[in-house]
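Below is one structure, written out as structure tokens, with a few remarks after it.
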Amino acid sequence: MSFPLLTATAALPALGAIATAAVPAQRRNAAKLLALTVSLATLVLAAIIAFRFDPDGDRYQLTESRPWIADFGVRYELGVDGIAVALIALTALLIPFIILAGWHDADPVETGSKRWRPTQGYFALVLAVEAMVIISFEATDVFLFYIFFEAMLIPMYFLIGGFGDRAHQHGEETAATQRSYAAVKFLLYNLVGGLIMLAAVIGLYVVAGNFSLPEIAEARANGTLEMATSTERWLFLGFFFAFAVKAPLWPLHTWLPNAMQESTAPVAVLITAVVDKVGTFAMLRFCLGLFPEASEWATPVILVLALISIIYGALLAVGQRDIKRLVAYASISHFGFIILGIFAMTSQGQSGATLYMVNHGISTAALMLVAGFLISRRGSRLIADYGGVQKVAPVLAGTFLIGGLATLSLPGLAPFVSEFLVLVGTFARYPVIGIIATVGIVLAALYVLVLYQRTMTGPVKAEVEGMPDLRARELVVVAPLIVLLLFLGVYPKPLTDIVNPAVEHTMSDVQKKDPQPEVEAAK
């Protein structure tokens, strides 16, 4: 048997989580170093996956398949296409930066007579989330995917509720209450979505007799498996609802601002740059792959919801006073663009949506982590508490600006390419929706530039006069992300070469071809 590379890539952080949690309490630095080492080793395995993947080869590669629960047709079945490869690489890339950025976020703190924030637990939970996200991208058995889609909620619940932001204006007791509220809201929203999906997963088994995505898709393509139209649509809605909560899509988005506001900056990045991508990825792999007719049937409504997310998220970002909530609402707007590209049913739109998942992860990580460094210095998340930072911490201000410009999709930075492709792909089939969606670009420029102006320019406030600039560890976190934003903004070909063949397969699933431009005959 060949080496099970996909299993190893998911198993390594899972085993690392167990080992990190088992480090003795007094050896906190050893736990941190172990977690960082495991995340870097996982990155190496992810790079090997990307290197071994052949974009022109089979749709699912590096496949593994073993019996699991044979009586119910459940198999341990893994495989990656180009979209999964790109998102596994994103996940493995961001986790080391998340660990480095949160190096001191879980250090013990004395609060009265209580000692909290067990360091080992924090880093073990981060690695556990990484393992579950990676195997979710790899799973081609629907039941296997569902298990880890739901299981990742548990470590995320503890990361949000147990390791919240220390920069809180209302005292530790109030902060703990708000963290608990945010964690419970996150869990309940996603559990409800997951339970509805479970009913749909069971329904799929009743209809298809197994859970294998490739087998079901092949059976549907060759006509040996037929679903009644109403059955397919109900099953689609069950899957899509769960993914729309995870993504999140308006009006199922309200858990995200609370979760990001109450989390530490690295955990906020873990939520929106890593975990939420499972929802949009699953729309491409499962909704379009399993239910092509229902996907086309639901497209008009989903496009309207995505458009509302774009405009609504951007408008609320403009009015925010809290830096983290601003980034959260900006992410809701960006997820609207991603879902818009997926359901535009064009190759440009879906390629742009996949690139957007990657580029949004990098740009949000850059902006939010620098914002976290800023907040940790001042001890406040409120925009009004800052001013003139660029005069005392120019490197911090400069990296914050680049992260912000990437968020508004400035040409030359990575998100511009993806947003441009999404809008072109949408306009080709739905011109009115494509035109309205461009309003989100204007609003993004407004909330990013206003945020930078209010925090970084103007007179230096007394509270920020002695603020230190970025330290060596913080530069190690931010600099590679900035380099990637610049590189992929100028040269996105390495990503598009991997992603485009997978998008062609998805377009084939839904039996769609790109609309041809109307050209008047020469007179």
Side-chain angles (χ1 to χ4, degrees), residues 55 81-84 86-87 240 243-244 247 249-250 277 279-285 287-289 292 295-311 313-314 332-361 363 408-411 413-442 444 488-489 492-519:
D81 60 3
I83 298 170
L87 292 175
F240 181 80
F243 303 151
L249 177 69
W250 184 92
K277 299 300 188 300
T280 47
F281 163 80
M283 291 179 189
L284 277 166
R285 174 168 279 192
C287 287
L288 272 59
S295 297
E296 186 173 0
W297 162 75
T299 287
V301 173
I302 294 172
L303 291 179
V304 171
L305 294 178
L307 193 60
I308 293 173
S309 286
I310 292 170
I311 307 300
I332 291 168
S333 181
H334 295 150
F335 276 106
F337 276 110
I338 293 170
I339 296 169
L340 188 70
I342 292 171
F343 285 90
M345 301 295 184
T346 60
S347 59
Q348 299 99 325
Q350 292 185 358
S351 293
T354 305
L355 292 180
Y356 216 134
M357 292 185 223
V358 176
N359 294 333
H360 170 263
S363 62
L408 64 80
S409 298
L410 183 77
L413 296 174
F416 169 77
V417 179
S418 34
E419 196 165 280
F420 177 78
L421 286 173
V422 166
L423 290 172
V424 167
T426 303
F427 185 83
R429 200 179 292 277
Y430 303 99
V432 174
I433 290 178
I435 291 170
I436 297 173
T438 58
V439 175
I441 301 175
V442 179
L488 293 175
K493 189 174 184 296
L495 269 179
T496 56
D497 285 348
I498 292 176
V499 164
N500 286 344
V503 167
E504 291 176 8
H505 287 298
T506 305
M507 291 287 290
S508 176
D509 288 339
V510 293
Q511 299 180 348
K512 285 286 188 180
K513 294 183 178 180
D514 290 331
Q516 297 300 312
E518 298 179 5
V519 181

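By convention here, the first residue in the shown sequence is residue 1.
Under a 3.5 Å cut-off, the side chain of S309 and the backbone N or O of L249 do not form any donor-acceptor pair. With T280 contributing its side chain and K277 its backbone, the two residues share a donor-acceptor pair below 3.5 Å. The backbone N or O of A502 lies less than 3.5 Å from no partner atom in the side chain of D81, so there is not a single donor-acceptor pair.
Between S418 and the options T496, L423, T354, N359, a side chain to side chain contact (heavy atoms under 4.5 Å, CB included) holds for only N359.
Of all non-hydrogen atoms in A414 and L488, the two that sit nearest each other are CB-CB, 3.7 Å. Of all heavy-atom pairs between S333 and A314, the closest is CB-N, 3.7 Å. In this structure, M345 and R429 approach most closely via the heavy-atom pair O-NH2, 2.9 Å. Here the closest heavy-atom approach between residue T346 and residue T426 is recorded as OG1-N, 4.4 Å. When every heavy atom of R285 is checked against every heavy atom of A84, the shortest pair comes out as NH2-CB, 3.8 Å. The two residues A86 and V499 come nearest to each other via the heavy atoms CB-CG2, 4.3 Å.
For the atom pair CG of L307 and CH2 of W250, the computed distance is 11.0 Å after rounding to the nearest 0.5 Å. Between the CZ atom of F337 and the CG atom of L421 there is a distance of 13.0 Å, given to the nearest 0.5 Å. Atom OG1 of residue T438 and atom CD of residue E419 lie 9.5 Å apart, to the nearest 0.5 angstrom. Note: Q350 CD to L355 CG = 12.0 Å, rounded to the nearest 0.5 Å. To the nearest 0.5 Å, atom NE2 of residue H334 and atom CD1 of residue I339 are 13.0 Å apart. In this structure, the separation between CD1 on I342 and CG on L303 is 11.0 Å, given to the nearest 0.5 Å.
Environment of CZ in F416: crowded, with over 12 heavy atoms of neighbouring residues, nucleotides or ligands closer than 6.0 Å.
Qualifying side-chain contact (heavy atoms from CB on, under 4.5 Å) partners for P501, counting only residues two or more places apart in sequence or in other chains: P55. Applying the salt bridge (charged side-chain N to carboxylate O under 4.0 Å, His left out) criterion to E504, with sequence neighbours excluded, gives no partner residue.
Within the 4.5 Å cutoff, side-chain heavy atoms of V358 are placed close to those of L87. The side-chain heavy atoms of F281 and I83, taken from C-beta on, include a pair separated by under 4.5 Å. A heavy-atom distance below 4.5 Å is not found between the side chains of I338 and M283.
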